[in-house]
Amino acid sequence: MITCVVRYTIDPEKITAFERFGKRWMELVQARGGTHHGYFLPAEGASDEALALFSFPSLAAYEEYRHCFGRDPEFIAADRIRDDSGCVLRYERTFMRPLLPGDLAAADTASASGTAAGEPEPLL
């Protein structure tokens, strides 16, 4: 699994437009085989930072999704929300490998058996 973390600098005066943009992208990620973990918006105080996290089963699956940019009418319309409103001032993408709660149980089992998590059991 690969998770894309997108850090946005947004215009706080245009948060409603950013929410529309985010809702549309959550739908598109889900429709293209990804899992959207949500957008994280400013809650208190003056802030112009927002985050989005979404995952795909593999980098290849993410690349299939990315292939739709600039081609698929739904993707173009979603980007138009951002472009027309000016709600996003800039953004940057980072790819991460998640360590999830279920991974902890696998690590504990591997530790008890003397193997590292994700390594095959030794053949005897």
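The model shown is predicted, which means the values in this text are computed figures rather than measured ones.
The distance from atom CD1 of Ile2 to atom OH of Tyr62, rounded to the nearest 0.5 Å, is 8.5 Å. Note: Thr9 OG1 to Arg90 CZ = 4.0 Å, rounded to the nearest 0.5 Å. We find the CD1-CG distance between Ile10 and Leu41 to be 6.5 Å, quoted to the nearest 0.5 Å. Atom CD of Glu92 and atom OH of Tyr8 lie 11.5 Å apart (nearest 0.5 Å).
When all heavy atoms of Val6 and Arg93 are compared, the pair lying nearest together is CG2-CG, 3.8 Å. Residue Thr3 comes nearest to Ser55 through the heavy atom pair OG1-OG, 2.6 Å, listed as atom of the first residue, atom of the second, then distance. Cys87 and Lys14 make their closest contact through CB-O, 3.6 Å (heavy atoms, listed as atom of the first residue, atom of the second, distance). Annotation for Ile15 and Pro42: closest pair CD1-CD, 4.1 Å, computed over non-hydrogen atoms. Across every non-hydrogen atom of Gly33 and Phe56, the tightest pair is C-CE2, 3.8 Å. For Tyr39 against Ala52, the heavy-atom pair with the smallest separation is CE2-CB, 3.5 Å.
A salt bridge does not link Asp83 to Arg80: none of the charged side-chain nitrogens sits closer than 4.0 Å to a carboxylate oxygen. Salt-bridge formation is detected for the pair Arg32/Glu74: a Lys NZ or Arg NE/NH1/NH2 atom is positioned less than 4.0 Å from an Asp or Glu carboxylate oxygen.
The cluster map of Ile, Leu, Val, Met, Phe, Trp and Tyr, joined by side-chain heavy atoms under 4.5 Å apart, puts Leu89 and Val5 in different clusters. Note: the hydrophobic cluster containing Phe75 also contains Tyr91 (ILVMFWY, side chain heavy atoms under 4.5 Å, direct or indirect links). Transitive grouping of hydrophobic side chains (ILVMFWY, heavy atoms separated by less than 4.5 Å) keeps Ile76 and Tyr65 in distinct clusters. Hydrophobic clustering of Ile, Leu, Val, Met, Phe, Trp and Tyr side chains at less than 4.5 Å, counting indirect connections, keeps Leu51 apart from Phe21.
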Full working for side chain to side chain contact (heavy atoms under 4.5 Å, CB included) between Thr35 and Phe54
CA-CA 6 Å; Thr35 300; Phe54 56 94; over 6 Å; no

Go through the steps to decide whether Ser58 and Met1 satisfy the test side chain to side chain contact (heavy atoms under 4.5 Å, CB included), and finish with yes or no.
CA-CA 5 Å; Ser58 66; Met1 176 185 297; over 6 Å; no

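Residue Glu13 qualifies as open at atom CD: its count of foreign heavy atoms under 6.0 Å is 12 or below.
Scored by the salt bridge (charged side-chain N to carboxylate O under 4.0 Å, His left out) test, Glu27 finds Arg24 as partners (sequence neighbours excluded).
In this structure, the side chain of Arg71 engages the main chain of His67 through a donor-acceptor pair within 3.5 Å.
Taking the six-membered ring where tryptophan is involved, the planes of Trp25 and Phe69 are essentially parallel, since the angle between them stays under 30° and well short of 60°.
Pairs passing the salt bridge (Lys or Arg N to Asp or Glu O under 4.0 Å) check and including a residue from residues 45-56, sequence neighbours excluded, read Arg7-Glu49.
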